[in-house]
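Below: the structure, in structure tokens.
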Amino acid sequence: MAKKRISVLGATGSIGKNALDVIRAGRDLFEPVLFSANSNAAALFALAAEFPNAKIAFSGRRAAAEAAGFDKRDGVYFERAGLLAAIAGVEADITLNGISGAAGLEPSLSALTSGSALALANKESMVMAGALVLKTAEQHSLPVIPVDSEHSAIFNLLRRQGKEGLKEAVLTASGGPFRTWSMDQLKNASPKDAFAHPTWNMGAKITIDSASLANKGLEVIEAARFFDLDADSIKVVIHPQSIVHSMIRMNNGAVYAQLSRPDMRLPIYDALCYPEIAPRQIEELDFDNLSLSFEKPCFERFPMLALAYDALRAGGRCAIAYNAANECAVSAFLAGKIPFTGISDVCSRVLSMDWSGEAGDLNSILESDSKARAAAGL
Ligand code: NDP
Ligand code: MG
């Protein structure tokens, strides 16, 4: 594989750190050309020292970065506009988007319009604007490669198996820290309880989403957009060990699954190497003493999953509203303003408004996002 020029957006986060591991282990394969962060100036500085040829973009307040001595180095971009200009300017072969939340959408589009393939961890890009992202990619003849482990699994299974004869995609979910909690216990769940994720170590927002199953809800919508499937062709199954990353069921009854240790370096490495099949970089799965179990998700205790299906079925701008309301509600929960069960109350209330009518272009998508945030009223 020819050496690839890589931009890592959200380089200081959980996906970013895993990507850095992949890049360090494959210095002959990857040349980082851009790193971005939002508020963690110290970590971005350290990356700039380690990779002096890479540009860096600090999308938070310029004053904060300057106070940390940032302006004394060439190739530094500041604030949101600087981030978008940096993405467009560095001529990356591939951009890994590990930014959290709706803030990742415009960077995804900037990468594609500037001619870079997109390795997409930022699921919100697909939930808010799947059609626009895929259309932009097609216009520029560029691939969008999923990094989310479930979608990476399905993408790889379909690559090998073909989509013909596909009956449904089966997304696995660990079930999160509250898998066995009762309704009463969930009412009193604290952020600390939610942070005790059994199998994955991730950023704050996705960890809360994993506890409420909103993460799986977002992933159902993400799968619908990525693989052009309707709600009835996407199933969720709880699999607490997080070894089976997802499955495809064919019309002839066969089910194909992708298994590996729960390690985000695999889907990241796979995506960065695409279209080549990556040689092994992570530890092999050991079958000795491995037992796998599966159970049905409980839609009553985890209404965020049910609401995602409702939003997908209703269409229009419902997915944008679901994502925005959830993002506001998660922040409010983390700030101690609402209880854990309030997250789905907020989303349910926002989704009960009229979100009919498509939002096709970026401005109308961002407008609907703002409207839903205002409606959340937090
Ligand atoms: P983190 O919170 O750990 O990291 C987020 C990164 O984005 C940080 O580098 C942060 O910078 C940056 N960032 C935050 N806000 C903004 C903003 N407004 N503008 C620009 N950059 C910003 O998140 P994760 O790495 O856990 O998740 C990133 C994305 O990947 C999410 O969409 C998540 O759903 C998805 N994902 C994550 C997985 C995981 O294992 N973590 C698995 C599958 C998908 P700073 O550090 O300076 O704040
Ligand atoms: Mg996932």
Side-chain angles (χ1 to χ4, degrees), residues 7-22 34-47 56-61 64-65 68 70 77-84 86-87 96-108 110 118-128 146-155 169 171-176 195 197 199-210 213-223 226 236 239 242 244-246 258 262-268 271 323 326-327 330-331 334 369:
S7 292
V8 183
L9 311 182
T12 51
S14 161
I15 288 288
K17 286 181 194 148
N18 277 298
L20 259 301
D21 274 0
V22 167
L34 174 67
F35 295 113
S36 87
N38 192 52
S39 57
N40 191 342
L44 200 53
F45 243 160
L47 284 175
I56 51 179
F58 183 84
S59 57
R61 297 270 313 279
F70 247 92
Y77 295 78
F78 295 102
E79 304 192 348
R80 181 111 181 126
L83 169 65
L84 299 178
I87 295 167
L96 172 70
N97 188 350
I99 292 174
S100 56
L105 172 58
E106 283 175 272
S108 288
S110 292
L118 182 61
L120 192 58
N122 177 261
K123 63 193 77 185
E124 294 84 353
S125 291
M126 288 305 279
V127 171
M128 297 170 73
V147 170
D148 212 349
S149 54
E150 298 75 4
H151 307 74
S152 168
I154 294 168
F155 181 78
L171 303 182
T172 50
S174 73
F195 279 126
H197 196 279
T199 48
W200 296 101
N201 185 9
M202 308 174 288
K205 196 252 171 185
I206 183 175
T207 303
I208 303 303
D209 286 349
S210 297
L213 293 200
N215 183 51
K216 211 48 55 181
L218 292 168
E219 290 183 355
V220 166
I221 302 171
E222 183 187 11
F226 253 124
V236 171
H239 165 50
S242 301
V244 176
H245 296 297
S246 275
Q258 188 256 319
D263 186 332
M264 284 308 294
R265 289 175 302 175
L266 176 61
I268 291 171
N323 180 64
N326 177 55
E327 224 168 284
V330 168
S331 300
L334 287 173
D369 175 79

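Throughout, residue positions are numbered sequentially from 1 according to the sequence presented. Atom set for the values below is all heavy atoms of this structure, side chains included, hydrogens, waters and symmetry mates excluded. In listed order, ligands and their atoms are each counted from 1.
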Point to revise | NZ/NE/NH1/NH2 to OD/OE distance under 4.0 Å, K205 and D209 | key: yes
Review point. Is any N or O atom of S14, backbone or side chain, closer than 3.5 Å to an N or O atom of ligand 1?
Key: yes
Check your understanding: Does R80 use its side chain to pair, donor to acceptor, with the backbone of A103 at less than 3.5 Å?
Key -> yes
**Study point:** For ligand 1, the portion of T12 having any non-hydrogen atom under 4.0 Å away
**Key:** both
Check your understanding: Which ligand 1 atoms does I206 reach within 4.0 Å, using its non-hydrogen atoms?
Key -> 26 (O), 33 (C), 34 (O), 36 (N), 37 (C), 38 (C), 42 (C), 43 (C), 44 (C)
Practice item. Look at atom 4 (O) of ligand 1 and say which protein heavy atom is nearest, naming residue and atom and giving the distance to 0.1 Å. Key: G13 CA, 3.2 Å
**Study point:** Flag for K123-N215: side-chain donor and acceptor within less than 3.5 Å
**Key:** yes
Check your understanding: Atoms of ligand 1 less than 4.0 Å from A103 heavy atoms?
Key -> 17 (C), 18 (N), 19 (N)
Point to revise | Where ligand 1 meets D148 - atom numbers and elements under 4.0 angstrom, heavy-atom basis | key: 43 (C), 44 (C)
Point to revise | Within-cut-off N or O pair, L83 and ligand 1, under 3.5 Å | key: no
Exercise for review: Compute the shortest N/O to N/O distance between E124 and ligand 1 and return yes if it is under 3.5 Å, no if not.
Suggested key: yes
Review point. Is there a donor-acceptor contact under 3.5 Å linking the side chains of E222 and H151?
Key: yes
Review point. Starting from atom 26 (O) of ligand 1, which protein heavy atom do you reach first, and at what distance in Å?
Key: G203 N, 2.8 Å
**Study point:** Proximity winner for atom 28 (C) of ligand 1, if only heavy atoms of G98, P267, G60 are counted
**Key:** G98
Practice item. Return the residue, atom name and 0.1 Å-rounded distance of the protein heavy atom closest to atom 29 (C) of ligand 1. Key: I99 O, 3.4 Å
**Study point:** Interfacing atoms of ligand 1 (cut-off 4.0 Å, heavy-atom, A121)
**Key:** 30 (O), 32 (O), 35 (C), 36 (N), 44 (C)
**Study point:** Contact partition for K205 relative to ligand 1, non-hydrogen atoms under 4.0 Å
**Key:** neither
Practice item. For the pair L266 and Q258, evaluate side-chain contact (heavy atoms from CB on, under 4.5 Å) and give the outcome as yes or no after the intermediate values. Key: CA-CA 12 Å; L266 176 61; Q258 188 256 319; 3.8 Å; yes
Check your understanding: Polar-atom distance check: N40 versus ligand 1, any N or O pair below 3.5 Å?
Key -> yes
Check your understanding: Looking at atom 13 (N) of ligand 1, what's its closest protein heavy atom, distance included?
Key -> N38 CB, 3.6 Å
Check your understanding: Can you tell me if S39 uses its side chain to pair, donor with acceptor, with the backbone of G60 under 3.5 Å?
Key -> no
Practice item. Using atom types as modelled and distance alone, determine if a side-chain donor or acceptor of H239 lies under 3.5 Å from a backbone N or O of V244. Key: yes
Review point. Looking only at atom types and distance, does a side-chain atom of E124 sit under 3.5 Å from a main-chain N or O of L105, one as donor and one as acceptor?
Key: no
Revision key, fill the gap. With heavy atoms and a 4.0 Å threshold, my read on which part of S100 contacts ligand 1 is both
Point to revise | Donor-acceptor pair, side chain of S125 and main chain of S108, under 3.5 angstrom | key: no
Point to revise | Test item: E150 and K216 side chains (from C-beta on) under 4.5 Å apart, heavy atoms | key: yes
Check your understanding: Which residue supplies the protein heavy atom nearest to atom 25 (O) of ligand 1, what is that atom called, and how far is it?
Key -> I15 N, 2.9 Å
Check your understanding: Would a 4.5 Å heavy-atom cut-off, applied to side chains only, mark N326 and V330 as touching?
Key -> yes
Point to revise | Proximity to ligand 1 by part of A11, non-hydrogen separation under 4.0 Å | key: backbone
Point to revise | ligand 1 N/O within reach of M202 N/O, cut-off under 3.5 Å | key: no
Check your understanding: Please state the angle at the Mg ion (ligand 2) spanned by OE2 of E219 and OE1 of E150: what is it, rounded to 10 degrees?
Key -> 100°
Point to revise | N/O/S atom name from D148 that is nearest to the position of the Mg ion (ligand 2) | key: OD1
**Study point:** S39: numbered ligand 1 atoms lying under 4.0 Å from its heavy atoms
**Key:** 45 (P), 47 (O), 48 (O)
Point to revise | Element-labelled atoms of ligand 1 that are located less than 4.0 Å from some non-hydrogen atom of K123 | key: 32 (O), 34 (O), 44 (C)
Practice item. Kindly say whether A43 contributes a backbone atom to a donor-acceptor pair with the side chain of N40 at under 3.5 angstrom? Key: yes
Revision key, fill the gap. The atoms of ligand 1 lying under 4.0 Å from a heavy atom of S59, numbered in the order shown, are 19 (N), 20 (C), 21 (N)
**Study point:** Side chain N323, main chain M128, donor-acceptor under 3.5 Å
**Key:** no
Exercise for review: Say whether, by atom type as modelled, one donor and one acceptor occur between the side chain of S152 and the main chain of D148 under 3.5 angstrom.
Suggested key: no
Review point. Tell me, which protein residue and heavy-atom name are nearest atom 42 (C) of ligand 1, and how many Å apart are they?
Key: M264 CE, 3.7 Å
Point to revise | ligand 1 N/O within reach of N201 N/O, cut-off under 3.5 Å | key: no
Review point. So do the side chains of F35 and T12 get within less than 4.5 Å of each other, counting heavy atoms only?
Key: no
